[in-house]
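Working notes for the structure below.
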Amino acid sequence: MSELITADLVDLDLAADTKEAAARSLAERMLALGRVTDLDGFLADVAAREAQMPTGLDGGIGIPHCRSAHVTEPTLAFGRSAARVDFGAADGPADLIFLIAAPAGADDDHLTILSSLARQLMRQEFTDALRSARSAGTVAALIRGEEPPEEDEPIRKDGERAGDEDENRGRGEARNGEKTPFRIVAVTSCPTGIAHTYMAAEALARAAEAAGVELAVETQGSAGFTRLDPKTVAAADAVILAHDVEVRDKDRFAGKPTVDVGVKAGVNRPAELIAEVRELAAANPARAATATTAAPMDKAAEPEDGYAARLRKWLMTGVSYMVPFVAAGGLLIALAFAIGGYQINKAPSVAEHFAWTESASWAALFFQTGGAAFGFLVPVLAGYIAYGMADRPGLVPGFVGGAIALTVNAGFLGGLIAGLLAGGTVMAVQRLDVPAVLRGIMPVVVIPLLSSAVVGFLMFLVVGKPVASLQKALTDWLGGLSGANAVGLGVILGLMMCFDLGGPLNKCAYAFAVGGLTDPNGGSLKVMAAVMAAGMVPPLAMALATALRGSLFTRAERENGKAAWVLGASFITEGAIPFAAADPLRVIPSAMAGGAVTGALSMTFDCTLRAPHGGAFVIPLIGAPFLYLVAIAAGTVVSAASVIALKSAARRPEAAAAA
């Protein structure tokens, strides 16, 4: 592969008076070297990127850039303009112009070089060296990070070589007298993930060092991104999000003081952002303090974790994206049953018959809309499992595999397998060494084509039929559940729902129950009822315990207990997480005991549920609703009594020691 920039790609006397003319002049140099295959097509992509957001930066810099199918390899051209060209920067036109061209499927190594250039542009000595350089070869060497020719080596204002680094930079020695430095985590991203992403990260890092705060930055750029360590996120006092595209996994930062701005704000005024987020944290210190504590069972797997941890994360990604479809579709179906009764599933299509004044028509509308949402469950599950494995390229084969799973009646299990197959196939294709001319079409054509074909072959001809048979056997087994088998399953599901309070085991039990609703029978409806009942117990039990023995809990826990009544009634098991985080050894076993009791009783009472969500709000739709409430109440009392007993037992030795 050629070098990113050579002397032939440098114009020290760029004659252009508009940004379009400047881009064309530099792009013609790329075309002459075979780095661009279609000049007008490439310039159209540059203009489209420019239309999203001006690419001018303070300090006389313009960085027009784009990812384009008309680029054969990552390339950078540089122009120095005496007349200066307006790229939309707040402080005026630019004399240093960088045209950055990346293929649509650019490799990580060269994109890392581009990100390094973006960081270099934030250094005054680097831009001074570019302005004072006397030859194209010197400029190319400087941009590549090499030593320029000795006779033409630019000199810093302080007399040091431009290539030298301040050895004290990054040590963070200045702490402004603070014993414990203020900690910030940040995410930067821009539409193409090439320049602004890394420039904002560098600007924030420099401003943080000057302010004496600790900063960890996650750059979500085109070269991929390394996720911030969950421990670093948990320990952070505040968050800065400087982005023009959606931040991936934004819920990691929930509850922390956050400044949310565009990426150019991160480049142009990083010190102001740091000051602003510190003021936010100072205004609400309790929020900053409590946000740093995460339940032990709720921590994400770290990058060095083994295959089992990664597999869990991939499956959890699919389930997490599936749950909103479950909630929306399930509640609409529940509402339809409440209005029109269970026979509403036989109503004709509302597209052919709908009477505005008839409740049956509205019930049919809700049922059919909810059914449409339910139809996405398996494709969304498969698509986002593949997304968790291979990022966006995994979505197409994942959704295709999920749709095929429905076609061959492989159901929920088929969706799980399709997602894993799709993600693995994409990861394998991405490792292929392809010619440079194909790199531009890899993510748009080649990867979706090959991976979808492979997944389709495997799902239709290899995996689909055996999984469909297994799914049918599971459905028949659920339909025949009775006696001790049903009670035993209820105990297991109750324990799973309450072990990690919304974590992987909880989601597995919930997904198992929801999967049964795609082909419902008496057994699968009992499973859904038991799972929802057990999931309501932990928050309700903590609420009851704080009401009965408030002295055993902190003031914050007593306040959380008031909210836990509503969370538990709404089937939001996560309402018990604050209690588990503070005292997991007493809270989690107590919650599991109550969940097991509730799951067993729900199965014993033959309670059934057709809606996959809703908590107390769908009680009228439950088979044997009074006994269902008895099961929930029994589990709640058992959990509350257990946690009170365990906490009281722990208090007695402490009191004796104090005496």
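Here the structure is a predicted model, which is why all the values come from computation and not from measurement.
Put simply, CE on Met427 and CE on Met389 are 5.5 Å apart, with the number rounded to the nearest 0.5 Å. Here the OG1-CD distance, from Thr232 to Glu218, works out to 10.5 Å after rounding to the nearest 0.5 Å. If you take CG on Leu96 and CG on Leu130, they are separated by 6.0 Å, rounding to the nearest 0.5 Å. Rounding to the nearest 0.5 Å gives a distance of 8.5 Å between OG1 of Thr18 and CZ of Phe87. A distance of 12.5 Å separates CD in Glu279 from CD1 in Ile274, rounded to the nearest 0.5 Å. In this structure, the separation between CZ on Arg227 and CZ on Arg252 is 5.5 Å, given to the nearest 0.5 Å.
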For a side chain to side chain contact (heavy atoms under 4.5 Å, CB included) check, start with the C-alpha distance between Leu449 and Ile447, then their side-chain angles and the critical distance, and finish with the verdict. CA-CA 5 Å; Leu449 173 64; Ile447 291 177; over 6 Å; no

Residue pair Thr37, Thr72: steps toward the side chain to side chain contact (heavy atoms under 4.5 Å, CB included) verdict: CA-CA 7 Å; Thr37 58; Thr72 60; 3.5 Å; yes

Before giving the answer on side chain to side chain contact (heavy atoms under 4.5 Å, CB included), spell out for Val213 and Arg278 the whole-Å C-alpha distance, their side-chain angles and the decisive distance to 0.1 Å. CA-CA 10 Å; Val213 304; Arg278 295 187 77 173; 3.3 Å; yes

Step by step, work out the side chain to side chain contact (heavy atoms under 4.5 Å, CB included) result for Asp237 and Ile184. CA-CA 6 Å; Asp237 299 299; Ile184 300 174; over 6 Å; no

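When all heavy atoms of Val139 and Ala133 are compared, the closest pair comes out as CG2-CB, 3.7 Å. Between Val71 and Ala101, the shortest heavy-atom contact is CG2-CB, 3.8 Å. Considering every non-hydrogen atom in both Thr138 and Ser135, the closest pair reads OG1-OG, 2.8 Å. Here the closest non-hydrogen pair linking Val46 and Ala23 is CG1-CB, 4.5 Å. Taking every heavy atom of both residues into account, Thr258 and Lys256 meet most closely at OG1-O, 2.8 Å. Among all heavy-atom pairs drawn from Pro257 and Leu280, the shortest one is CB-CB, 4.1 Å.
Using a 4.5 Å heavy-atom threshold, the side chains of Phe98 and His65 count as separate. In this structure, the side chains of Val261 and Arg269 come closer than 4.5 Å at one or more pairs of heavy atoms. Contact annotation: the side chain of Pro93 never approaches that of Val85 to less than 4.5 Å [non-hydrogen atoms, C-beta and beyond]. Counting only heavy atoms from C-beta outward, the side chains of Leu76 and Ile143 approach each other to under 4.5 Å. A 4.5 Å side-chain heavy-atom check between Thr6 and Leu33 finds at least one atom pair inside the cut-off. In this structure the side chain of Val187 never reaches within 4.5 angstrom of the side chain of His243, judged on heavy atoms. Side-chain contact between Leu12 and Phe78: present, with at least one pair of heavy atoms (C-beta onward) separated by less than 4.5 Å. In this structure the side chain of Val455 never reaches within 4.5 angstrom of the side chain of Ser452, judged on heavy atoms.
Arg80 places no side-chain N or O within 3.5 Å of a backbone atom of Leu14 that could act as its donor or acceptor partner. For Ser132 (side chain) and Ala129 (main-chain N/O), a donor-acceptor pair under 3.5 Å exists by modelled atom type. Of the possible polar contacts, none joining the Arg84 side chain to the Ala94 backbone as a donor-acceptor pair under 3.5 Å is found. For Glu214 (side chain) and Pro181 (main-chain N/O), no donor-acceptor pair under 3.5 Å exists by modelled atom type. The backbone N or O of Pro64 lies less than 3.5 Å from no partner atom in the side chain of Lys19, so there is not a single donor-acceptor pair. Side chain of Ser68 to backbone of Asp45: no donor-acceptor contact under 3.5 angstrom is found. No donor-acceptor pair under 3.5 Å is formed between the side chain of Thr425 and the backbone N or O of Gly423. Glu50 places a side-chain N or O within 3.5 Å of a backbone atom of Thr55 that can act as its donor or acceptor partner. Under the 3.5 Å distance criterion, the side-chain polar atoms of Ser25 are left unmatched by any main-chain donor or acceptor of Ala21.
Partner of Thr75 under the side chain to side chain contact (heavy atoms under 4.5 Å, CB included) criterion, out of Leu9, Leu99, Val36: Leu9 alone. Checking Ile5, Ile100, Leu4 one by one against Pro74, the side chain to side chain contact (heavy atoms under 4.5 Å, CB included) holds for a single residue, Leu4.
Taking 4.0 Å as the cut-off between side-chain N and carboxylate O, Asp95 and Arg131 count as a salt-bridged pair. One finds no salt bridge joining Glu20 and Arg24 here, because no Lys/Arg side-chain nitrogen approaches an Asp/Glu carboxylate oxygen to under 4.0 Å.
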Please tabulate, one pair per line, all N/O donor-acceptor pairs under 3.5 Å involving side-chain atoms of residues 398-405, not counting sequence neighbours.
none

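Side-chain contact annotation: Asp40 with His70, donor-acceptor N/O pair under 3.5 Å absent.
Between Tyr387 and Tyr321, the ring planes are perpendicular. Angles over 60° get that label, and only those under 30° would be called parallel.
Under the rule for a side-chain hydrogen bond (donor to acceptor under 3.5 Å, both in side chains), Asp8 has no partner lying at least two apart in sequence or in another chain.
More than 12 heavy atoms of other residues, nucleotides or ligands shown are found within 6.0 angstrom of CZ on Phe253.
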